[in-house]
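Reading through the structure tokens given below for one structure.
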Amino acid sequence: MSFGLRTLRASAVAALVAFAMLAHADPLVVKTAQGKVHGKTIHDGKVKAWLGLPYAAPPIGDLRWKAPEPPAKWHGIRDAASFGAHCAQNHVYEDMAFQDNGGSEDCLFLNVYAPATANKKSTLPVMFWIHGGGFFAGSSDEPRHNGDFLPLKGVVLVTINYRLGVFGFLATSDLAKEQGGSAGNYGLMDMVAALQWVKANIKKFGGNPDNVTIFGESAGSFAVSTLMAAPSAQGLFAKAIGESGAALGRSALSYERVNVRAEKDDKWVESLNVHSLAELRALPTETILAAVNKPGVHFSPDIDGKFLIEPVADTYAAGKQAHVPLLAGWNRDEGSFAATRGVTVEQFKATAAKAFPDKTEEFLKLYPGDDDAQALRSTIDYASDMFIAYGTWDWLEAQRKTGDAPVYRYHFELPALPSKYHLGTFVFHSDDIEYVFGTLDTRPGETVRPEDRALSEAMMSYWTNFAKTGDPNGPGLPEWPRYNNDGWPLLHLNDPITSGPDTLRDRYLFLEENPPAGPLFP
């Protein structure tokens with residue numbers, strides 16, 4: 001071998017060794033169970049981010065409508081600087097924006113954000129975010145969920161995608177036969193798979209796998225309450241936060257039994273002119289999305305006998321749910337949609353009589369309507385209660401009674417100024433998200449006031465304190481009392497932040513005892 005060739009080979013070997021040492025030393029390179037990933041820094045280098053990490057195999061082909069399978073391993077270093085695809089869905093909400101390159105059924109990705117100073121010895125608490133969207137829309141990469149700010153409070157943040165709509169929750173009789181009697185809930189199974197990935201890998205990113213807080217808003221909050229009841233999720237998290245929603249009470253999203261759902265879903269499949277699961281699985285994504293983009297077609301979690309063996313409320317009543325600290329609440333104007341049509345005193349009282357024919361007088365004491373303005377306010381309050389608030393209240397009550405762990409309740413009350421997608425001065429459904437994540441500037445057309453930033457800072461501190469210790473209180477914050485029978489105190493997230501007894505408890509006790517005979521939306 002010539003001297004020149006030996007020199008060239010030695011130089012190549014040295015370069016490879018140097019590259020390997022550099023990769024090993026690079027704080028943005030992390031070795032997961034599947035392989036190495038290389039992330040990036042965001043927020044002026046203050047936060048490290050690893051985006052688009054696969055936590056399960058692509059649920060496509062024969063894996064469509066099946067429980068998630070483990071992700072494949074890879075060689076080399078995977079680039080983790082960009083978001084993975086959001087889960088296939090129809091366009092529903094104007095205020096939902098995505099930062100990826102498009103939707104796909106190959107979408108089971110998660111994102112990890114950590115403080116720039118974190119390393120594999122850090123053992124930081126982990127916050128595991130489940131996005132909302134009615135179980136048929138949304139993504140982990142919406143700008144309002146960005147991880148630029150929460151990690152600066154000393155946590156590792158994980159945001160996930162999960163299968164949505166028909167791809168996440170179809171429950172036909174053929175699927176039940178194939179899967180031993182159970183069907184549906186694939187989107188919920190995805191969440192458990194993502195939690196299992198976190199359990200196995202998050203330590204490498206600086207997180208503590210034994211201190212995971214699951215939190216979510218709307219459908220994400222429904223999911224949190226459901227995961228607390230699901231046997232397969234037990235032991236994968238230590239705390240829970242729910243923002244506006246729960247799979248208890250008379251909620252906006254009912255969980256039907258699998259046999260009931262199968263009758264409905266079988267009829268939908270018949271409309272597709274397919275004759276087997278193989279043919280159904282062979283249909284293009286776009287064909288299926290077009291077939292569900294019709295009024296009245298909806299897919300959500302069900303009581304399948306396996307993932308959920310009974311109604312969620314029954315699990316809580318028996319004390320079989322996760323006995324973990326819970327922080328939950330809702331926004332003042334969750335039912336602001338009821339304000340768009342207006343209402344008069346006469347309309348309000350007439351529809352109240354139809355909804356509660358035997359309890360009209362009692363109802364009107366709790367939801368007064370002596371003039372048009374008051375009637376409109378009570379319509380919004382009642383819409384809020386029936387849409388989200390009562391179910392969330394029922395969850396708090398159930399966990400307080402049988403959960404053997406601290407419970408904290410909030411009410412978000414600071415009205416936002418009108419913006420591009422949120423006209424009117426309401427504390428609307430989903431209003432809290434940007435405050436929790438510190439991402440107020442991502443809301444199009446938003447005028448962010450000093451009081452908004454102050455409340456956001458406080459909420460980030462409350463949420464991350466809770467993730468650290470199970471208690472949201474900390475230095476510089478107004479005291480947040482536990483939710484108990486000493487006045488049922490709650491925290492009012494407003495300007496200023498205050499706490500005090502629940503003055504509206506009689507409303508929820510009334511709704512608990514009196515199911516409405518009809519709607520109260522004139």
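Counting from 1, the numbers follow the sequence of the chain as shown.
Here the CG atom belonging to Leu157 is positioned 10.5 Å from the CG atom belonging to Leu110, to the nearest 0.5 angstrom. With rounding to the nearest 0.5 Å, the separation of CG in Asp502 from CG in Leu490 is 6.0 Å. One distance of note links CG of Leu396 with OG1 of Thr392; it measures 7.0 Å at 0.5 Å rounding. Taken from CD in Glu142 to CD in Gln99, the straight-line distance is 9.0 Å, to the nearest 0.5 Å. Note that CG of Leu280 and CD1 of Ile288 are 5.5 Å apart. Values are rounded to the nearest 0.5 Å. To the nearest 0.5 Å, atom SG of residue Cys87 and atom CG of residue Leu164 are 5.0 Å apart.
Residues Thr439 and Asn146 bring no donor and acceptor atom of their side chains to less than 3.5 Å of each other. For the residue pair Thr315 / Glu310, a side-chain donor-acceptor distance below 3.5 Å is found, with atom types taken as modelled. Side chains of Tyr316 and Trp395: a donor-acceptor N/O pair is present below 3.5 angstrom, by distance only. Side-chain contact check for Asp471 and Asn473: at least one donor-acceptor pair (N or O, by modelled atom type) lies under 3.5 Å. Judged by distance alone, the side chains of His422 and Asp95 do bring a donor and an acceptor atom under 3.5 Å apart. Under the 3.5 Å distance criterion, with hydrogens and angles disregarded, a donor-acceptor pair is assigned to the side chains of Tyr367 and Asp385. Side-chain contact annotation: Asn514 with Glu362, donor-acceptor N/O pair under 3.5 Å absent.
Between Glu446 and Arg144 there is no salt bridge, since no side-chain nitrogen of the basic residue lies less than 4.0 Å from a carboxylate oxygen of the acidic one. A salt bridge links Lys264 to Glu256: at least one charged side-chain nitrogen sits closer than 4.0 Å to a carboxylate oxygen.
By the salt bridge (Lys or Arg N to Asp or Glu O under 4.0 Å) test, Arg449 is found to be paired with Glu451, Asp452, residues two or more places apart in sequence or in another chain being considered. Residues passing the salt bridge (Lys or Arg N to Asp or Glu O under 4.0 Å) test with Lys420, sequence neighbours excluded: none. Residues meeting the salt bridge (Lys or Arg N to Asp or Glu O under 4.0 Å) test with Asp265, sequence neighbours left out: Arg261.
Counting heavy atoms from C-beta on, the side chains of Met386 and Glu334 never come closer than 4.5 Å. When side chains are defined from C-beta on, Pro516 does not count as touching Lys354, because their heavy atoms never get closer than 4.5 Å. Contact of the Phe348 side chain with the Leu364 side chain is registered, since non-hydrogen atoms from C-beta on lie closer than 4.5 Å. Using a 4.5 Å cut-off on side-chain heavy atoms (C-beta onward), Ser244 and His429 make contact. The closest side-chain heavy-atom distance from Glu434 to Ser456 is not below 4.5 Å. The shortest side-chain heavy-atom distance between Arg507 and Tyr390 does not fall under the 4.5 Å cut-off. Counting only heavy atoms from C-beta outward, the side chains of Ser182 and Phe307 never approach each other to under 4.5 Å. Within the 4.5 Å cutoff, the side chain of Trp330 has heavy atoms near those of the Arg409 side chain.
Aromatic ring pairs are classed by plane angle as parallel below 30°, tilted from 30° to 60° and perpendicular above 60°; the pair Trp488 and Tyr483 is tilted. Ring planes of Tyr162 and His131: parallel class, angle under 30° (limits at 30 and 60°). In this pair, Trp65 and Phe167 present their aromatic rings parallel. The plane angle is below 30°, not in the 30 to 60° band. Aromatic ring orientation, Phe136 versus Tyr93: parallel (interplanar angle below 30°, classes split at 30° and 60°).
Closest heavy-atom contact between Ala247 and Val312: O-CB, 3.5 Å. Smallest separation of non-hydrogen atoms from Phe426 and Ser336: CG-CB, 3.7 Å. The two residues Ala176 and Ala183 make their nearest non-hydrogen contact at N-CB, 3.7 Å. Summarising the geometry of Ile303 relative to Ile309, their closest heavy-atom pair is CG2-C, 4.1 Å, with the distance given to 0.1 Å. For the pair Asn465 and Pro472, the tightest heavy-atom approach, listed with the atom from each and the gap, is ND2-O, 3.1 Å. Contact record, His298 with Ser300: NE2-CB, 3.9 Å, taken as the closest heavy-atom pair.
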- [ ] Apply the test ring pair (Phe, Tyr, Trp, His ring centres under 6.0 Å) to residues Tyr435 and Phe412: give CA-CA distance (whole Å), side-chain angles for both, the deciding distance (0.1 Å), then the verdict.
- [x] CA-CA 10 Å; Tyr435 289 83; Phe412 186 79; 5.0 Å; yes
- [ ] Please assess Ile241 against Met127 for the test side-chain contact (heavy atoms from CB on, under 4.5 Å), listing each intermediate value before the final yes or no.
- [x] CA-CA 10 Å; Ile241 298 175; Met127 298 187 72; 4.3 Å; yes
Task: Test log, rule side-chain contact (heavy atoms from CB on, under 4.5 Å), inputs Glu105 and Leu63 - done: CA-CA 10 Å; Glu105 288 186 70; Leu63 293 183; over 6 Å; no
- [ ] Report the C-alpha distance between Trp480 and Tyr410 in whole Å, list the side-chain angles of each, state the deciding distance to 0.1 Å, and finish with yes or no for side-chain contact (heavy atoms from CB on, under 4.5 Å).
- [x] CA-CA 9 Å; Trp480 189 336; Tyr410 73 84; 3.6 Å; yes
TODO: Could you walk me through whether Asp431 and Arg443 pass salt bridge (Lys or Arg N to Asp or Glu O under 4.0 Å), step by step?
DONE: CA-CA 10 Å; Asp431 197 0; Arg443 190 181 289 170; 3.1 Å; yes
TODO: Decide yes or no on ring pair (Phe, Tyr, Trp, His ring centres under 6.0 Å) for Phe169 and Phe135, but give the supporting numbers first.
DONE: CA-CA 9 Å; Phe169 300 98; Phe135 290 119; 5.3 Å; yes
Task: Steps toward side-chain contact (heavy atoms from CB on, under 4.5 Å) verdict (Thr213, Trp463) - done: CA-CA 10 Å; Thr213 297; Trp463 265 235; over 6 Å; no
Task: Intermediate values then yes/no, ring pair (Phe, Tyr, Trp, His ring centres under 6.0 Å), Phe387 and Phe337 - done: CA-CA 10 Å; Phe387 171 47; Phe337 55 83; 5.7 Å; yes
Open item on the list: Before you tell me yes or no, could you show the steps for Asp333 and Arg377 under salt bridge (Lys or Arg N to Asp or Glu O under 4.0 Å), namely the whole-Å CA-CA distance, both residues' side-chain angles and the distance that decides it to 0.1 Å?
Closed with: CA-CA 9 Å; Asp333 303 322; Arg377 180 66 253 172; 2.7 Å; yes
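Here the rule is side-chain hydrogen bond (donor to acceptor under 3.5 Å, both in side chains) with Thr402, and of Lys320, Gln321, Glu397 only Gln321 fits it. Considering Thr226, Asp302, Asn185 in turn, Thr226 is the only one that fulfils the side-chain hydrogen bond (donor to acceptor under 3.5 Å, both in side chains) rule with Tyr255. Tested against His145 for a side-chain contact (heavy atoms from CB on, under 4.5 Å), the candidates Ile433, Leu150, Asn111 yield a single pass: Ile433.
Formation of a donor-acceptor pair under 3.5 Å by the Ser499 side chain with backbone atoms of Leu491 is not found in this model. Arg64 places a side-chain N or O within donor-acceptor distance of the main-chain N or O of Arg281, the cut-off being under 3.5 Å.
Under the 6.0 Å cut-off for aromatic ring centres, Tyr408 and Tyr462 do not qualify, their centroids lying 6.0 Å or more apart.
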